[in-house]
Amino acid sequence: MAQNNCANNMIATHQRRSCTKFTADRLKILIDTFNQKPYPGYATKQKLALEINAEESRIQIWFQNRRARQSFQRTEPEQALETSQAHRQHLPAEIQATLDRRCHTCYTSSQLRTLIKAFKNNPYPGIDSREQLAKDIGVPESRVQVWFQNRRSRLFAQRKREPDEILEQIQDKG
DNA sequence: CATCTAACCTATTCAAGGC
DNA sequence: GCCTTGAATAGGTTAGATG
């Protein structure tokens, strides 16, 4: 039995970026912003990143973690309200319009070739590999991370849909 | 060792752009 | 209009720091 899947193997060699330490005054800015707006748009996150001299992706992670921690501290009515805000299908159009996203990144075919090759080599790159890859193809490291996340998720989804085909492909090669 | 929290993961959904 | 895929989310796990 092959008891080791990718996710388990990954952990041993997997090197993550070092922990960001926010100073008290910068943390205060983050918390104040969070209290006003727990779902900031891209522009807000960028502004915050500039203001406290951190990468925009660190701001995004911080808000993700903060929301996760907040959600089980909250009482039920409050939580219900926030959940409905998170699932914005209920919100009026003008509010949705203010929720700006980062621009859709369009990768060139040569950038994609590099990414796919790296993915085949290792679908769980550590921070160093991601940064090298980002430098090679000229996009921010956070985009590389998101690309790998999406790629893995879609591979898992595909395996669920058509487990036999994937199995056959693997067996053919072996 | 217990606690806290940044970093990271999958699963799912939203949305841009190509056909 | 549908499909592919980047961006964002919820919710959960891992690991580094600190008392």
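Please read these numbers as outputs of a predicted model, since none were measured by experiment.
- As rounded to whole Å, 13 Å separates atom P of B:dT5 from atom CG of A:Leu30.
- When side chains are defined from C-beta on, A:Gln64 counts as touching A:Gln60, because their heavy atoms get closer than 4.5 Å.
- Classification of the A:Phe119-A:Phe148 ring pair by plane angle, with boundaries at 30° and 60°, yields tilted.
- Not one side-chain nitrogen or oxygen of A:Arg154 sits closer than 4.0 Å to the OP1 or OP2 atom of C:dT4.
- Between A:Ile59 and A:Ile52, the closest side-chain pair of non-hydrogen atoms falls below 4.5 Å.
- Although no hydrogens or angles enter the test, the distance criterion places no donor-acceptor pair under 3.5 Å between the side chain of A:Glu56 and the main chain of A:Ala49.
- Following rounding to the nearest Å, A:Gln70 (CD) and B:dT5 (C1') show an atom-to-atom distance of 14 Å.
- Between the side chain of A:Arg152 and the base of B:dT10, no donor-acceptor pair under 3.5 Å is found.
- Listed pair A:Tyr124 / B:dT10 meets the phosphate criterion, a side-chain N or O lying under 4.0 Å from OP1 or OP2.
- A:Glu55 has its side chain out of reach of A:Thr20: every pair of non-hydrogen atoms, C-beta onward, lies at least 4.5 Å apart.
- We find that CZ of A:Phe22 is positioned 18 Å from C1' of C:dT18, with the value rounded to whole Å.
- Close to C:dG11, at under 4.0 Å from its OP1 or OP2, lies no side-chain N or O of A:Arg67.
- A straight line from CD of A:Gln111 to C1' of C:dT5 spans 15 Å, rounded to a whole angstrom.
- The distance between atom CZ of A:Arg66 and atom P of B:dT5, rounded to the nearest whole Å, is 8 Å.
- A:Gln60 has its CD atom 20 Å from the P atom of B:dT5, to the nearest Å.
- Nearest to the side chain of A:Gln149, among B:dA6, C:dG6, B:dC9, sits B:dC9.
- A:Ile31 is listed as a side-chain neighbour of A:Arg66, based on a closest heavy-atom distance under 4.5 Å.
- Within 4.0 Å of A:Arg16, counting heavy atoms only, lies at least one base atom of the nucleic acid.
- Among the protein residues, A:Arg151 comes within range of no part of the nucleic acid, since none of its heavy atoms lies under 4.0 Å from any strand.
- Phosphate contact (OP1/OP2 of C:dG16, side-chain N/O of A:Ser18, threshold under 4.0 Å): absent.
- A:Gln145 comes within 4.0 angstrom of sugar-phosphate atoms only, judged by non-hydrogen atoms across all strands, and of no base.
- The nucleotide whose nearest atom lies closest to any side-chain atom of A:Arg69 is, among B:dT5, C:dA10, B:dC8, B:dT5.
- OP1 or OP2 of B:dA16 has not a single side-chain nitrogen or oxygen of A:Arg101 nearer than 4.0 Å.
- In this structure, the NZ atom of A:Lys37 is 14 Å from the P atom of C:dA8, given to the nearest Å.
- Listed pair A:Trp62 / B:dA6 meets the phosphate criterion, a side-chain N or O lying under 4.0 Å from OP1 or OP2.
- Positionally, the nearest nucleotide of DNA chain B for A:Ser153 lies more toward the 5' end than for the other of A:His104 and A:Ser153.
- Contact check, A:Arg58 against B:dA6: no side-chain N or O comes under 4.0 Å of OP1 or OP2.
- Of the two residues contacting DNA chain C, namely A:Asn65 and A:Lys45, the nearest-nucleotide position lying further toward the 5' end is that of A:Lys45.
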